[in-house]
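Lettering of chains follows the sequences in order, A, B, ..., and the numbering in each one begins at 1. Please read all numbers here as calculations on a predicted model, not as lab measurements.
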Number of protein chains: 2
Amino acid sequence: MSAKTTDTKQEILSIARNLMKKVGYNAFSYSDISKQLNIKNAAVHYHYPTKEDLLADIVNTYIEDYKKLESGLSSSAMKAIDKISVFADRYAHLIEIQSICIIGSVASDFYTLPEAVKAKVVLLTNLVLGMVANVLEKGRANGELFFEEDARTKALLIMTNLAAGVQLARITGKKDFERIRTALLKQLKQ
Amino acid sequence: MSAKTTDTKQEILSIARNLMKKVGYNAFSYSDISKQLNIKNAAVHYHYPTKEDLLADIVNTYIEDYKKLESGLSSSAMKAIDKISVFADRYAHLIEIQSICIIGSVASDFYTLPEAVKAKVVLLTNLVLGMVANVLEKGRANGELFFEEDARTKALLIMTNLAAGVQLARITGKKDFERIRTALLKQLKQ
DNA sequence: TTTTTTACTTATTAGTAAGTAAGTATTATA
DNA sequence: TATAATACTTACTTACTAATAAGTAAAAAA
């Protein structure tokens, strides 16, 4: 495989990931990608015959990203609260780049997705939820974190606060996200 | 004004509201509406010349709805916890009709909206947040509800839990929404 | 009763979408 | 060196989008 193929395919993927987070699946086209790369529309189709193929690969890269993050976090000596804080930082960053989280983006179009992609999205979502739940559970066991719910429920509460917080920040400004972030971390420290 | 005009226009609006919540602004077309009503595409344009006009009216109806809900709630003898519970029920209902909340729907497309609509969305969002914050504040003053954050922050936490909970339920099922709802109400009762 | 307004339909336009078939350089392989 | 695969471009098709102009039947207003 030549270097150029990989480069273009990777760039298509990178641009598509950003578009997914910024505008969502239904709101970007192959020409949005080809124009940014100064190639033709058909060249994108060469690498990803259909938009569904592209979406499947996008979701795959997020699954890989989160697997790496998970193994990084589980082997890290970082305090549980700092791990959650790092997680919250990822969402804060999304606001800066005018994006929303990939799960929220996909949720909007969920019913129009092919079954193969849906299954991957379910996998991704449970991966993220499981990762957060794990950090929470260990943190509570260590006496670092305080919460009354079971770990999955608390993970759900935190993830929904962050994901919708990013969406809301588009409307009412990022100050509201900061209120959410601060309250969240304070709650966990009791 | 004749009866028929109002009927068709109201039906267009009603169908468009449902489509907004189900698939979002970018994913429905005038023909989705005209087909449901057995009228022609141009008839929809007669009532709403542009899609932006339609969107503006959709957001207006939600503003009116929430104003009514607010005045209903503020004059109601219902307990604060029940008011929040009713609010949560509205979100649970969205899952049944395969929809997400209007604010979440609009947030996805926020950057592509005309300024006039953006302003209305900001108004709507602050209306809902203010309403919830009000119920929370009064409930706390009455000794019915317990929370440490300021009322707007707690309203943000609850709204993000519910809004993203509905989105998440599309992916992982409505059981996760029920976990969120239950945890939320339990927290408020201390 | 004439005129005007309302609520459409018919027919069309300009633009964009995803997707494909066929051709062409360049690079790698046999 | 001939062959085959790679990474495209050119050119096109089909389908749909929002939007508009022009015409029409029915109802309301003058």
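Figure legend: B:R140 and B:F147 shown as a cation-pi pair, the cationic atom lying under 6.0 angstrom from the six-membered ring centre and within 45 degrees of its axis.
In this entry the distance linking CG of B:L54 with C1' of D:dA18 reads 12 Å, nearest Å. Rounded to whole Å, the distance from CZ on A:F28 to P on C:dA18 is 8 Å. Spacing between atom OH of B:Y25 and atom P of D:dA18 amounts to 8 Å, rounded to whole angstrom units. Distance B:Y30 OH to D:dA15 C1': 20 Å, rounded to the nearest Å. Rounded to an integer number of Å, the gap from NE2 of B:H47 to C1' of D:dA18 is 17 Å. Rounded to an integer number of Å, the gap from A:K9 NZ to D:dT6 P is 11 Å. Spacing between atom CD1 of A:I33 and atom C1' of C:dA18 amounts to 12 Å, rounded to whole angstrom units. If you take NZ of A:K51 and C1' of C:dA17, they are 9 Å apart, rounded to a whole angstrom.
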I'd like to compare against my own output: the B/S/- annotation of nucleotides 9-14 of chain D with a strict under-4.0 Å heavy-atom distance to protein. BB----

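In the model, B:E11 has no side-chain atom that pairs as donor or acceptor with a side-chain atom of B:Q36 under 3.5 Å.
Salt-bridge formation is not detected for the pair B:D57/B:K9: no Lys NZ or Arg NE/NH1/NH2 atom is positioned less than 4.0 Å from an Asp or Glu carboxylate oxygen. At a threshold of 4.0 Å, the pair A:R181-A:E178 counts as salt-bridged, since one of the basic side-chain nitrogens sits closer than that to a carboxylate oxygen. Remark: B:K79 does not engage B:D82 in a salt bridge, criterion side-chain N to carboxylate O under 4.0 Å.
Listed by first then second residue, pairs satisfying ring-ring contact (aromatic ring centres under 6.0 Å, His included) with a partner in residues 64-91 of chain B read B:F87-B:Y91, not counting sequence neighbours.
For C:dT16, the OP1/OP2 oxygens have no side-chain nitrogen or oxygen of A:S31 closer than 4.0 Å. At the phosphate of D:dC16, neither OP1 nor OP2 sits under 4.0 Å from any side-chain N or O atom of B:S29.
Applying the salt bridge (Lys or Arg N to Asp or Glu O under 4.0 Å) criterion to A:E64, with sequence neighbours excluded, gives no partner residue.
Nucleic acid contact for B:Y48: none, since no nucleic acid atom lies under 4.0 Å from a heavy atom of the residue.
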